[in-house]
S.K.: 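Below are the structure tokens for one structure; questions will follow.
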Amino acid sequence: MRETYIPQEIEPKWQDRWERENLFKLRGNGEKKYILEMFPYPSGKMHMGHVRNYLIGDVLARYYRARGFDVLHPMGWDALGLPAENAAIKDGRHPAERTRENVAAFKAEMKSVGYSYDWEREIATCDPEYYRWNQWFFLKMREKGLVYRRQNRVNWCTGCKTVIANEQVKEGLCERCESPVEKRLMPEWAFRITKYSQRLLDNLDQLTEWPDRVTSMQRHWIGRSTGAEIVFEIDGKPGVSLTVFTTRADTLFGVSYVVVAPDHPLMAHLVTDETREKIAAFADEMAKQAAAQKKDEEPEKLGCFTGAYAVHPFTGKKVPVWAANFVVSDYGTGAVMSVPAHDQRDFEFAKKYGLPIHTVIAEAGQAPRDAAALTEAFADDGVLVNSEAFTGMTSADAREAIAKALAEKGKGGPVVTFRQRDWGFSRQRYWGTPIPVVYCDKCDPNHEGISVPESQLPVMLPKIDVTKVLTGRGEPPLAKVPEFLHTTCPLCGGPARREAETMDTFVDSTWYYARYLSPHLTTAPVDAETAKRMLPVDIYVGGPEHAVMHLLYFRFWTMVMKEMGLVSVEEPVKRLITQGIVNGPDGRKMSKRWGNVVSPRDIVSKYGADAARTFVMFAGPPEKDIDWSDAQVEGCARFLSRIWRLAFTHQKSARFAAPLGNEAGKALEIRRRVHQTLKTVTEDIERLSFNTSIARIMELVNFLTGVKPAGDAEEAAMAEAMRLLAAMISPVAPHIAEEISEAYGAADCLQIQGWPAFDPALAAKQSAKYAVQVNGKLRGEIEVPADMGKDDVLAAAKADAKIAPHLAGKTLKKEIFVPGRLVNFVAV
RNA sequence: GCCGGAGUGGCGGAGUUGGUAGACGCAGGGGACUUAAAAUCCCCUUGAGCUUGCUCAGCGCGGGUUCGAAUCCCGCCUCCGGUACCA
């Protein structure tokens with residue numbers, strides 16, 4: 001090796017050799033480890049967040065490969081999606097062209113960082129070879145009844161005359177044309193994910209290696225609640241009834257009004273001639289407001305009397321039916337019963353509109369509160385009052401009893417509901433997977449959609465004249481492509497029209513992990529045999545922003561694939577790592593707006609891939625956000641130079657292939673330090689504490705820098721130290737590690753050499769430091785042999801010159817002994 | 001709003017189950033080497049106080065539990081992610 005560390009010289013060399021030796025391919029034997037990072041949407045440029053995401057996976061892949069596992073570590077492209085289409089609307093470049101370029105740039109940048117991917121398994125979702133299987137899944141799931149048409153509320157831009165994404169709505173106006181945006185009901189395709197809600201919830205308990213925050217968020221998202229449905233007949237309208245859902249059936253006797261969503265489907269039956277116009281105006285206004293409302297603001301509660309009265313199922317009393325903006329039609333039943341005395345939202349609404357308030361729950365052991373004097377609702381559980389036969393029951397008992405009584409009367413009963421809704425997946429976009437459906441007036445007069453036969457897949461995205469088709473206005477883009485739109489009916493052969501909508505790109509990312517196993521298989525999306533061996537994914541790395549939606553869709557799809565016999569696991573991922581953001585040097589999120597974007601390309605060319613890798617892994621634990629810091633990267637580059645200099649300085653010791661054995665003195669100390677470091681580094685990597693594992697290596701390097709080996713034993717120990725150092729640093733800084741390993745006589749790459757084992761005798765601690773406290777305050781420290789027992793340690797502590805004065809003249813009340821760490825004397 | 005996180009020196013962070021707060025790195029200071037600078041190597045570096053060894057304070061804020069709390073509990077504050085058509 002040469003004297004100076006020049007990463008730009010050695011890095012491409014080793015990258016080429018790894019590729020030549022096919023080091024990152026699946027062997028097909030031994031214990032498997034599937035390490036996956038969330039694949040990128042190939043936007044303009046790779047940023048540091050990507051670098052970190054893939055690095056966490058890469059360090060683990062390299063570590064486990066060295067440990068002898070048969071590692072699968074693939075990469076691909078989540079290539080379809082809105083940004084490429086929006087860019088095309090602006091500048092007229094075809095999304096496919098732009099995507100192709102971005103992918104090439106991304107891939108080149110990834111290679112320069114030295115990621116250990118098996119590029120032969122690369123996939124791209126915009127490739128018909130991939131998206132045909134999205135279409136195939138659609139057909140199979142439709143057969144299973146998991147796909148259906150429904151009406152859904154969407155953002156409708158009144159200027160563009162098209163549906164736009166939430167993201168494109170800025171304060172109620174369209175981002176592009178600044179026209180007002182409305183909520184509008186539109187037909188769409190949906191997956192029946194709610195059929196799996198219970199299983200998605202139950203299985204969370206099995207996901208013990210997922211972060212609690214993720215499982216907790218999913219649990220809340222699914223939102224199982226047990227409650228009751230209650231049917232309120234509408235007075236004077238035989239056959240018309242409102243069903244409400246409540247988790248507080250115990251408060252049923254306190255109902256003073258019923259509230260429905262402004263666009264409730266039964267609204268036409270509720271309004272009277274006097275209220276019809278007023279309600280229509282109200283609903284219209286609320287639709288506009290819903291779209292304009294900012295997410296972090298709670299809208300003012302607004303209501304409007306519908307003119308109808310609901311009949312209480314037990315008392316027969318009539319209560320007014322109101323429409324209000326805080327009830328939404330697509331959650332629950334779109335109607336709620338209001339009990340102002342015991343629900344804060346209902347209370348505020350009742351006060352505002354002068355509606356009656358009845359107390360029906362009392363705090364246990366206390367008199368019921370006077371409804372007229374309430375300043376806020378009493379929302380806790382308690383004991384029922386003024387509730388006919390249920391008076392005196394506890395809330396919990398009453399919920400069951402009332403639900404049961406309702407069921408007996410045929411006025412509802414107990415139900416389980418989920419907050420989670422079905423997954424609407426059709427989009428009015430071009431750059432997505434065409435939905436394989438045609439409409440034929442003859443065979444399908446209700447336009448439910450005729451599935452395209454499997455033999456006709458893929459339904460290809462047509463070539464288009466970008467400036468004519470991608471305008472962002474009017475009907476979906478594909479509806480403007482006649483040669484795509486007009487086709488023949490698969491049933492009658494007559495003229496038919498293709499579905500012009502495409503699939504949500506979340507569909508692409510539900511099953512890509514399984515496609516890597518057999519990326520070019522033409523007979524099925526997944527090879528079931530390979531899947532049996534390789535799944536589940538052992539470690540999945542990605543951003544916490546995907547904690548809920550992507551990961552729920554991902555889990556849902558896996559359940560479906562299991563039912564289809566494609567995979568043999570029900571849960572796709574064993575261990576999940578959600579990594580934090582890489583912020584700019586100023587601590588703000590990297591963005592063009594702040595001018596704080598750091599490009600991986602610049603960093604690699606300036607400091608080398610190894611320094612960039614070391615910094616990213618050293619800056620903090622994987623799940624935490626980190627701030628970019630040029631000074632810290634320089635520090636990492638300096639650390640690598642120190643290693644290099646160390647290796648260069650002691651190069652002649654490489655003539656010793658192994659330590660001599662039976663070392664004493666300095667040679668023994670070197671070996672102990674090295675083996676102790678190897679032990680903690682290994683443990684740290686296993687628990688994903690990469691930053692501390694690097695810190696431990698830095699300590700070792702600092703120690704070795706001060707060592708001047710004299711004699712064979714010390715030189716041989718130094719040679720061993722350099723070899724183990726190279727191995728330890730190799731997952732993080734693989735290029736410099738290979739160079740040193742080679743200089744110290746290795747013929748094989750480090751991935752082949754394997755992860756070294758530490759010698760337990762050398763790694764064992766020789767002595768223990770005890771903190772000695774008196775009454776919880778630190779008063780001294782003693783160092784004793786590591787194997788000294790409790791009594792001896794306590795005696796030594798009491799005898800210590802610093803401790804004795806603090807105990808003098810006091811009575812010892814308690815002695816606390818924490819083995820290997822601390823002693824605390826409680827004395828008065 | 002709702003759901004989920006996070007907050008430790010000048011800065012990034014360390015501190016496996018409650019057990020010596022500040023490992024390691026950055027920045028800063030001092031020294032060695034050098035004609036000089038860079039590079040390198042060594043030492044110091046939470047704050048306050050003084051008698052330089054000790055005392056007190058200290059992990060977003062306010063309480064509590066405990067021999068002992070960054071860690072557990074209660075109540076706040078600030079920031080970040082998600083909120084179903086960004087991926």
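Side-chain atoms are counted along with the backbone in the values below, which use heavy atoms only and exclude waters and symmetry mates. In what follows, chains carry the letters A, B, and so on, assigned in the order in which the sequence lines appear, proteins first and then strands, with residues in each chain numbered from 1.
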S.K.: For A:Phe191 and A:Phe425, take the angle between the two ring planes, folded into 0 to 90°, and tell me which bin it lands in: parallel under 30, tilted 30 to 60, perpendicular over 60.
M.R.: parallel

S.K.: Indicate, with a heavy-atom threshold strictly under 4.0 Å, whether A:Arg427 touches base, sugar-phosphate, or nothing.
M.R.: base

S.K.: For B:A27, does OP1 or OP2 lie under 4.0 Å from any side-chain N or O of A:Arg638?
M.R.: yes

S.K.: Tell me if the side-chain of A:Gln773 makes a donor-acceptor pair with the base of B:G68, cut-off 3.5 Å, by modelled atom types.
M.R.: no

S.K.: Would you kindly give the CZ-to-P distance between A:Phe618 and B:A23, to the nearest whole Å?
M.R.: 11 Å

S.K.: Give one of base, sugar-phosphate or nothing for A:Asn691, where a contact means two heavy atoms less than 4.0 Å apart.
M.R.: sugar-phosphate

S.K.: Given atom NE2 of A:His546 and atom P of B:A84, what is their separation to the nearest angstrom?
M.R.: 15 Å

S.K.: Need one value for A:Ala631: base, sugar-phosphate or nothing, where a base atom within 4.0 Å counts as base even if backbone is also close, heavy atoms only.
M.R.: sugar-phosphate

S.K.: At under 4.0 Å between heavy atoms, what does A:Trp221 touch on the DNA or RNA strands: base, sugar-phosphate, or nothing?
M.R.: base

S.K.: I'd like to know if A:Glu175 and A:Lys170 make a salt bridge, using a cut-off of under 4.0 Å between side-chain N and carboxylate O.
M.R.: yes

S.K.: Begin from the C-alpha positions of A:Asn53 and A:Glu37 and carry the test side chain to side chain donor-acceptor pair (under 3.5 Å) through to its verdict.
M.R.: CA-CA 7 Å; A:Asn53 187 188; A:Glu37 299 106 47; 5.9 Å; no

S.K.: Kindly say if A:Asn166 contacts the phosphate of B:C86, meaning a side-chain N or O under 4.0 Å from OP1 or OP2.
M.R.: no

S.K.: Rounded to whole angstroms, how far apart are CG on A:Asp684 and P on B:A14?
M.R.: 11 Å

S.K.: Between B:U83 atom C1' and A:Phe506 atom CZ, what is the distance in whole Å?
M.R.: 12 Å

S.K.: So what does A:Met698 touch, heavy atoms closer than 4.0 Å: a base, only the sugar-phosphate, or nothing?
M.R.: sugar-phosphate

S.K.: Could you check whether A:Ser509 gets within reach of a base, just the sugar-phosphate, or nothing at all, counting any heavy atom under 4.0 Å?
M.R.: nothing

S.K.: Students often get this wrong, so: under 4.0 angstrom with heavy atoms, is A:Asn86 touching a base, only sugar-phosphate, or nothing?
M.R.: nothing

S.K.: What does A:Arg419 touch in the nucleic acid at a heavy-atom separation under 4.0 angstrom: a base, only the sugar-phosphate, or nothing?
M.R.: base

S.K.: Can a side chain N or O of A:Arg421 be found less than 4.0 Å away from OP1 or OP2 on B:A84?
M.R.: no

S.K.: For the base of B:C85, is there a side-chain donor-acceptor partner from A:Arg429 under 3.5 Å away?
M.R.: yes

S.K.: Heavy atoms under 4.0 Å, any strand shown: does A:Pro211 hit a base, just sugar-phosphate, or nothing?
M.R.: nothing

S.K.: Whole angstrom is fine here: how far is it from NZ in A:Lys813 over to C1' in B:C67?
M.R.: 10 Å

S.K.: Could you state the CD-P distance from A:Gln420 to B:C3, rounded to the nearest angstrom?
M.R.: 18 Å

S.K.: Is it the case that B:C86 (base atoms only) and A:Glu545 (side chain only) share a donor and an acceptor within less than 3.5 Å, ignoring hydrogens and angles?
M.R.: no

S.K.: With a 4.0 Å cut-off on heavy atoms, is A:Gly580 in touch with a base, just the backbone sugar-phosphate, or nothing at all?
M.R.: nothing

S.K.: Identify whether the glycosidic angle of B:G9 places it syn (within 90° of 0) or anti.
M.R.: syn

S.K.: Under 4.0 angstrom, heavy atoms only, what part of the nucleic acid is A:Arg219 near: base, sugar-phosphate, or nothing?
M.R.: nothing

S.K.: Quickly work out the A:Arg642 CZ to B:U40 C1' distance and round it to whole Å.
M.R.: 9 Å

S.K.: Between A:Lys777 and B:C56, is there a contact of a side-chain N or O with OP1 or OP2 at under 4.0 Å?
M.R.: no

S.K.: Which nucleotide in the set B:C85, B:C24, B:G7 lies at the smallest distance from any side-chain heavy atom of A:Gln428?
M.R.: B:C85

S.K.: So which nucleotide from B:C42, B:A27, B:C67 ends up closest to the side chain of A:Ile816?
M.R.: B:C67

S.K.: Can you classify the ring geometry of A:Phe554 versus A:Tyr513 as parallel (below 30°), tilted (30 to 60°) or perpendicular (above 60°)?
M.R.: tilted

S.K.: Separation of A:Phe703 atom CZ from B:C41 atom P, in whole Å?
M.R.: 16 Å

S.K.: Just to be sure I understand the rule, does A:Glu699 reach a base, reach only the sugar-phosphate, or reach nothing, if contact means heavy atoms closer than 4.0 Å?
M.R.: sugar-phosphate

S.K.: Would you say a side-chain N or O of A:Ser629 is under 4.0 Å from OP1 or OP2 of B:G12?
M.R.: no

